[in-house]
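Accompanying notes for the structure given below.
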Number of protein chains: 2
Amino acid sequence: MSDKNSHLGEFEHLLLLALMQLGGKSHGTLIRHNLKDLVNRDASIGALYATLERMEKKGYVTSSVGEPTAERGGRAKRYFEVTAEGKKLLKQTKKNLEVMWQGVQLWQNL
Amino acid sequence: MSDKNSHLGEFEHLLLLALMQLGGKSHGTLIRHNLKDLVNRDASIGALYATLERMEKKGYVTSSVGEPTAERGGRAKRYFEVTAEGKKLLKQTKKNLEVMWQGVQLWQNL
DNA sequence: TCCATTTCCTCTACTTTGTATAATAAATAA
DNA sequence: TTATTTATTATACAAAGTAGAGGAAATGGA
């Protein structure tokens, strides 16, 4: 067993990992910065939400709207979190990649 | 530095790794079996070639047709191999994933 | 010879993911 | 009550993922 006929797209994969890292404070702007800071990925905010929403539809994440904050422009944020199914898929994806990387050697000069 | 504005898709990633594993003997049917055996991925042969050809166009792989073999139906095979650019991208992809996985914990019960 | 069979590759059309831009919404400060 | 700020939503298009049918090259036996 392994595959299960459903895979995480490349960007989906990164997004789920960003959510895992950020924990309870995962909302659009923060997620975006996380990706930028950690792997220099410049995702537009629209790209981000579109993908997150698709994953919500598929049951890999859930979202909920929080309270507004007291700062200027501090409207309520939408927080995302990874579901059990999302985590399962993450785990599977990681395992598959580890298997495929097994024995593969990439030389220094690259 | 990191991103570079070009990423490996999920399937592209797996295919490049399959080529690395198979080395000089990477042709359609074998690659397909490699994916099936290692990660239980059932890719149609059409899906496989389409993706390989797109990657060739992008410069991540090259291909060349070999000699027919003496067996029944042993027509010439088309062999694929990963280019230096493909390897560079593989390496970058791996690094990015390692960074994103950093500190992420997935519990047993999944 | 020529047709059935085998192995392998090509074509093509469609779905899903990745992506950016523009628009909208809610909040606060003046 | 409007300008500004933070944040999300809508929409449209390009790229990647995918399957299925069809074509090509080889061999073995009528």
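Each chain gets a letter, A, B and so on, in the order its sequence line appears, and its residues count up from 1.
Distance CG (B:Leu35) to C1' (D:dT18): 13 Å, rounded to an integer number of Å. Atom NE2 of A:His13 is separated from atom P of D:dA16 by 18 Å (rounded to the nearest Å). Separating the NE2 atom of B:His27 from the P atom of C:dT10 is a distance of 13 Å, rounded to the nearest angstrom. The CG-P distance, from A:Leu52 to C:dT17, rounds to 14 Å in whole Å. The distance from atom CG of A:Leu16 to atom C1' of C:dG18 is 15 Å, rounded to the nearest whole Å. Between the CD atom of A:Glu53 and the P atom of D:dT11 there is a distance of 12 Å, given to the nearest Å. In this structure, B:Asp42 atom CG and D:dT18 atom P are separated by 11 Å, rounded to whole Å. Atom-to-atom, CZ of B:Phe11 to P of D:dA16 comes out at 14 Å; the value is rounded to the nearest Å.
Within 6.0 Å of CD on B:Glu98 lie more than 12 heavy atoms contributed by other residues, nucleotides or ligands.
Less than 4.0 Å separates DNA chain C from no heavy atom of any residue of residues 54-68 of chain B.
Each of B:Ala50 and A:Gly46 has a nearest nucleotide on DNA chain D; the 5'-most of these lies closest to A:Gly46. When each of A:Gly74 and A:Leu48 is assigned the nucleotide of DNA chain C with its nearest heavy atom, A:Leu48 is the one assigned upstream, toward the 5' end.
At a threshold of 4.5 Å between non-hydrogen side-chain atoms, the residues A:Asn40 and B:Asn96 do not count as touching. Residues A:Leu52 and A:Ile31 are in side-chain contact: their nearest non-hydrogen atoms beyond the backbone lie under 4.5 Å apart.
A donor and an acceptor atom never sit less than 3.5 Å apart when one is taken from the side chain of B:Arg75 and the other from the base of D:dA25. Residue A:Arg72 places no side-chain atom within donor-acceptor reach of the base of D:dT5, judged by atom type and a 3.5 Å distance cut-off alone.
For A:His7, the side-chain atoms get nearest to D:dT18 when compared with the rest of D:dT18, C:dT10, D:dA25. Relative to the side chain of B:Lys77, the nucleotides D:dA7, C:dT19, C:dC8 differ in distance, and C:dC8 lies closest. Counting only heavy atoms from C-beta on, B:Arg78 has its side chain closest to C:dT10 among D:dG28, C:dT10, C:dA25. Here the side chain of A:Glu12 is nearest to one of C:dT19, C:dT6, C:dT17, namely C:dT17. Counting only heavy atoms from C-beta on, A:Arg41 has its side chain closest to C:dG18 among C:dG18, D:dA16, C:dC8.
Backbone-only engagement by A:Thr29 is indicated by non-hydrogen atom pairs under 4.0 Å involving sugar-phosphate atoms exclusively. Contact annotation for A:Ser44: base contact, defined as any heavy-atom pair under 4.0 Å involving a base atom.
In this structure, A:Glu71 and A:Thr69 approach most closely via the heavy-atom pair OE2-OG1, 2.7 Å. Of all heavy-atom pairs between A:Ala47 and A:Phe11, the closest is O-CE2, 3.9 Å.
No side-chain donor-acceptor contact under 3.5 Å links B:Glu85 and B:Thr83.
Rounded to the nearest 0.5 angstrom, A:His13 NE2 and B:Thr93 OG1 are separated by 11.5 Å. A:His27 contributes atom NE2, which lies 13.5 Å from atom OG of A:Ser63 (distance to the nearest 0.5 angstrom).
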